[in-house]
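Have a look at the structure below before the remarks.
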Amino acid sequence: MKYTAFGLAAAAAATLAAGAATAQQSIVIGHSLSPDSHYGLGAQAFIDTLEELSGGEWTGEQAPAGQLGGERDMIEGLQIGSLDVVITSTGPLGNFVPEVFVLDLPFLFRDYDHARSVLDGEIGQELLAKIDENGLVGLAWSENGFRHVTNSQHPVETPEDLAGLKLRTMENRVHMEAFEDLGAAPTPMAFPELFPALQQGVVDGQENPVTVIVAAKFWEVQDYATLTGHVYSPVAILASPVLFDGLSEEEQGWFHEAAKASAAATRAEVNRLEEEGVQIMRDNGMEVVTEIDKDAFAAIAEPAYAIYTDEYGSEMVDRIREAE
Ligand code: EAX
């Protein structure tokens with residue numbers, strides 16, 4: 001209920017701010033991170049583009065930093081229409097659209113170019129269509145980045161170093177299985193609970209891209225990071241069907257364009273932090289291991305593929321692997 005109340009209050013405030021422009025419509029965009037993060041910049045680009053294309057008829061505001069709950073809560077908000085747009089990692093998305101689990105398989109994407117071209121191409125479109133078939137609206141793929149392990153105990157250099165580490169994962173079966181294979185003790189939890197859990201020692205570590213490590217200042221509670229790059233973390237820009245289905249075709253086109261502009265702004269910030277982030281982490285006292293034997297990690301995490309392939313076969317995995 002509290003989400004609905006907040007959504008209405010935000011919408012009412014925006015309407016008041018709009019004054020006499022009674023035709024103006026306002027959306028709320030939810031995401032997990034700060035307004036100056038890669039998600040925040042993406043949300044702002046969405047709002048700016050929507051405003052521009054609609055000649056000011058549409059505007060919007062951010063509900064950042066998990067104000068409206070974790071990513072699973074926010075997706076549920078889209079289903080009931082208490083939120084309009086959500087920028088979310090695929091962490092909880094497979095629980096709503098199981099075909100999307102393919103994107104969460106460890107060591108699947110080779111690098112950023114590979115991931116971006118798959119998501120911007122035919123495969124990305126097919127998966128957005130699956131999202132639409134499952135009661136949500138998939139506007140575009142955006143990006144979180146390649147995920148890396150951090151922890152409070154010791155440097156991780158080999159898979160054996162993960163043994164026994166209590167590691168927070170997203171609420172994602174594929175990720176949990178992969179870390180179980182790797183010998184860690186995976187503990188799923190929503191992102192808003194993560195920082196306090198690390199602070200209180202409920203878990204020893206977590207895994208997230210450099211973008212999130214920097215945005216969340218995890219160095220305050222984590223001394224060690226390893227650039228495992230164990231999985232690419234895509235972001236879906238989702239809209240509520242409650243809102244979207246009532247829009248004209250022209251308006252729906254604006255939302256699609258706004259989502260594309262959002263993804264571009266977010267990827268630009270990912271690029272910047274891929275260049276500068278490790279230095280920022282080190283400047284803040286983290287010990288960062290940059291060289292590992294990825295094949296050793298990949299071989300051990302391989303059984304996690306069965307969670308997807310047992311249900312859907314390996315065709316999509318092969319198509320992604322073979323994509324340029
Ligand atoms: O979407 O839950 C997570 O670790 C995500 O990577 C984070 O919230 C950004």
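In each ligand, atom 1 is the first atom listed, and ligand 1 is the first ligand listed. Each residue takes its place number in the sequence, starting with 1.
At least one side-chain heavy atom of Y305 sits less than 4.5 Å from a side-chain heavy atom of P106. Side-chain contact between N95 and F101 is present, with at least one heavy-atom pair separated by less than 4.5 Å. At a threshold of 4.5 Å between non-hydrogen side-chain atoms, the residues I75 and T88 count as touching.
Applying the 4.0 Å criterion to heavy atoms of S32 picks out, from ligand 1, the atoms 8 (O). Residue contact check: M170 has heavy atoms under 4.0 Å from atoms 2 (O), 3 (C), 4 (O), 5 (C), 6 (O) of ligand 1.
Residue contact annotation: R147 has a non-hydrogen atom under 4.0 Å from ligand 1.
No salt bridge links D111 with R116; every basic N to acidic carboxylate O contact stays at or beyond 4.0 Å. Ion pair R272/E275 not flagged as a salt bridge, since none of the NZ, NE, NH1 or NH2 atoms sits closer than 4.0 Å to an Asp/Glu carboxylate oxygen. Note on R319 versus E126: salt bridge recorded, some NZ/NE/NH1/NH2 to OD/OE distance being below 4.0 Å.
The nearest heavy-atom contact from the protein to atom 6 (O) of ligand 1 is N208 OD1, 2.6 Å. Among protein heavy atoms, atom 7 (C) of ligand 1 sits closest to F191 CD1, 3.7 Å.
Contacts between E71 and ligand 1, counted as non-hydrogen atom pairs separated by less than 4.0 Å, involve the side chain only. Contact annotation for N144 and ligand 1: only side-chain heavy atoms (C-beta onward) come within less than 4.0 Å of the ligand.
Considering backbone and side-chain atoms alike, S233 places every N or O at 3.5 Å or more from each N or O of ligand 1. At a 3.5 angstrom cut-off on N or O pairs, Y39 counts as close to ligand 1.
Comparing heavy-atom distances from atom 2 (O) of ligand 1 across R168, H31, R72 singles out R168 as nearest.
If you take NE2 on H31 and CD1 on I237, they are separated by 11.0 Å, rounding to the nearest 0.5 Å.
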